[in-house]
> 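The following block contains the structure, expressed as structure tokens.
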Amino acid sequence: MPLVSMRQVLDEASKGGYGVGAFNVNNMEQIQSIMEAARETNSPVIVQASRGARSYSQDRFLYHLMIAATEVYPEIPTVLHLDHGNSVETCQSAIEMGFTSVMMDGSLMPDGKTPSSFEYNVKTTREVVEMAHAKGVTVEGEIGCLGGIEDGHGAGLDGLSHLTDPDQAVAFVKQTGLDALAIAIGTSHGAYKFSKKPTGETLKMDRLIEIHKQLPNVHLVMHGSSSVPQDLQDIVNQYGGKLKPTWGVPVEEIQLGIRNGVRKINVDTDNRLAITGAIRKVFADKPEEFDPRSYLKPAREAMKKLVALRMTQFGQAGHAGDYKPVSLAGMAEKYAGDAVSV
Ligand code: 13P
């Protein structure tokens, strides 16, 4: 099947009461890991690429790898999503290239660092919604700012500096007509999220629940949702890595989020750790090896294992065949006819 709309995947997740992992990619092996995990667990998938990933993989390579994924795994509903688009133009180029979903992150200015005004965020997100929906493409927006920096994008602050205000979130959804809303509840991108296991003081699940109460029909998105598992940290450090002690978002907190309107869960760091640990192990155990396949294969396997586990924990496992995907043209008609509520 062709790449599908993220809106449909999230609507179905909402009906089924489960969440869908959105996994970041930069290369062929990562795409293969995700698709293999999806087949093994029979899951719909969201594959996402940041601006940094698009530039690293040179856009056209990425696009054709994703087309290959739909050919090799025709039974899996697969979304190609732009992570943290920094401007209307970035979202436009992604849509032109064939992304079926885009994030317009107007919570920051186009430099990807400076927090913006509410008015700027509404204006740019609204513009992307109009452009995207005309083509059946899904739009994620963000209100409040995450902490940390990922691929050069992020306010670089701690996760608590710009938490989402629930009333502002309501106004933002109404004024933009977006499909999915990323909120800031204390998480940040990257490995160093929390200096100890998060509590309600540092990971504001109560804020998420409050937002869901006010916006019960809106698909919420949790960014910065890697759990940074201790065993993955240990493998990296055991084979020469130098990760400092750190904590991520516990899976049970994500599951609490899923029970309260979270439908998309962004995970990148955990996969980076799994890949790096596997490669370091081969380099340490077999220093005579120099065929890239000798370390890329275990790296691919390690990421697949982790993605399959998350798909099961988020609840998307078993749901790949639940529905018949609507074409993007069909989605555009639904948006034009107001058949999709926003
Ligand atoms: P992690 O760094 O926690 O994996 O978050 C990734 C993310 O939110 C991508 O947008």
Side-chain angles (χ1 to χ4, degrees), residues 6 19-26 30 33-34 45-54 56 79-86 90-91 94 99 101-108 112-113 138-159 162 164 180-195 198 202-203 208 219-230 232-233 236 243-244 246-251 253-254 257 262-277 302-303 306-307 309-311 313-314:
M6 187 167 85
V20 183
F23 303 102
N24 288 73
V25 298
N26 303 280
Q30 289 176 303
S33 303
I34 297 168
V45 292
I46 302 169
V47 175
Q48 60 183 13
S50 64
R51 276 185 299 140
R54 287 176 66 188
Y56 174 83
V79 176
L80 176 57
H81 174 78
L82 170 71
D83 193 21
H84 291 289
N86 65 323
T90 302
C91 293
F99 280 73
S101 178
V102 292
M103 176 181 192
M104 174 62 228
D105 182 358
S107 74
L108 299 174
K113 289 180 178 58
T138 310
V139 180
E140 174 184 339
E142 175 167 326
I143 187 86
C145 299
L146 295 165
I149 297 185
E150 187 198 37
D151 280 344
H153 189 105
L157 305 159
D158 70 81
H162 292 277
T164 302
L181 180 68
I183 54 171
I185 54 166
T187 67
S188 45
H189 291 134
Y192 300 103
K193 301 179 194 305
F194 303 108
S195 55
T202 47
L203 179 59
L208 183 147
H219 303 313
L220 301 180
V221 183
M222 265 175 89
H223 280 245
S225 293
S226 277
S227 302
V228 198
Q230 190 60 49
L232 292 184
Q233 295 182 47
V236 171
L243 295 172
K244 293 180 284 226
T246 180
W247 277 260
V249 181
V251 170
E253 300 292 348
I254 297 172
V262 170
R263 298 292 157 233
K264 174 173 181 273
I265 304 110
N266 285 16
V267 175
D268 186 4
T269 297
D270 283 355
N271 291 323
R272 293 179 177 199
L273 290 171
I275 289 170
T276 300
M303 174 162 163
L306 187 74
V307 171
L309 175 65
R310 292 288 180 264
M311 286 172 161
Q313 291 167 327
F314 298 162

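Counting starts at 1 for both ligands and their atoms, in listed order.
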> For N24, take its heavy atoms, then give the atoms of ligand 1 lying under 4.0 Å from any of them.
9 (C)
> Using a 6.0 Å cut-off, check whether atom OH of Y56 has over 12 heavy atoms from anything other than its own residue.
no
> Excluding sequence neighbours, so at least two apart, what forms side chain to side chain contact (heavy atoms under 4.5 Å, CB included) with S195?
none
> Anything under 30° is parallel, anything over 60° is perpendicular, the rest tilted; go ahead and classify F314 against F23.
parallel
> Is it the side chain, the backbone, both or neither of S50 that has a heavy atom closer than 4.0 Å to ligand 1?
neither
> Which part of V249 is near ligand 1, with near meaning a heavy atom under 4.0 Å away: side chain, backbone, both or neither?
neither
> For ligand 1, which atoms, with element, lie under 4.0 Å from some heavy atom of V267?
4 (O)
> Would you mind running through ligand 1 and noting each atom that sits below 4.0 Å from a heavy atom of H84?
10 (O)
> Applying side chain to side chain contact (heavy atoms under 4.5 Å, CB included), can you list everything that pairs with A184, at least two apart in sequence or on another chain?
T164
> G248 and V228: which non-hydrogen atoms are nearest, and at how many Å?
CA-CG2, 3.7 Å
> Who gets closest to atom 3 (O) of ligand 1 by heavy atom: H223, E140, H189, K193?
K193
> Between L208 and M222, is any pair of side-chain heavy atoms under 4.5 Å apart?
yes
> What about S188: any of its N or O atoms under 3.5 Å from an N or O on ligand 1?
no
> Contact between L82 and R54 at the side-chain level, heavy atoms closer than 4.5 Å - yes or no?
yes
> Number the atoms of ligand 1 from 1 as they appear, then name those within less than 4.0 Å of a heavy atom of G224, with their elements.
1 (P), 3 (O), 5 (O), 7 (C), 8 (O)
> Polar-atom distance check: G190 versus ligand 1, any N or O pair below 3.5 Å?
yes
> Any nitrogen or oxygen of D83, main chain or side chain, under 3.5 Å from a nitrogen or oxygen of ligand 1?
yes
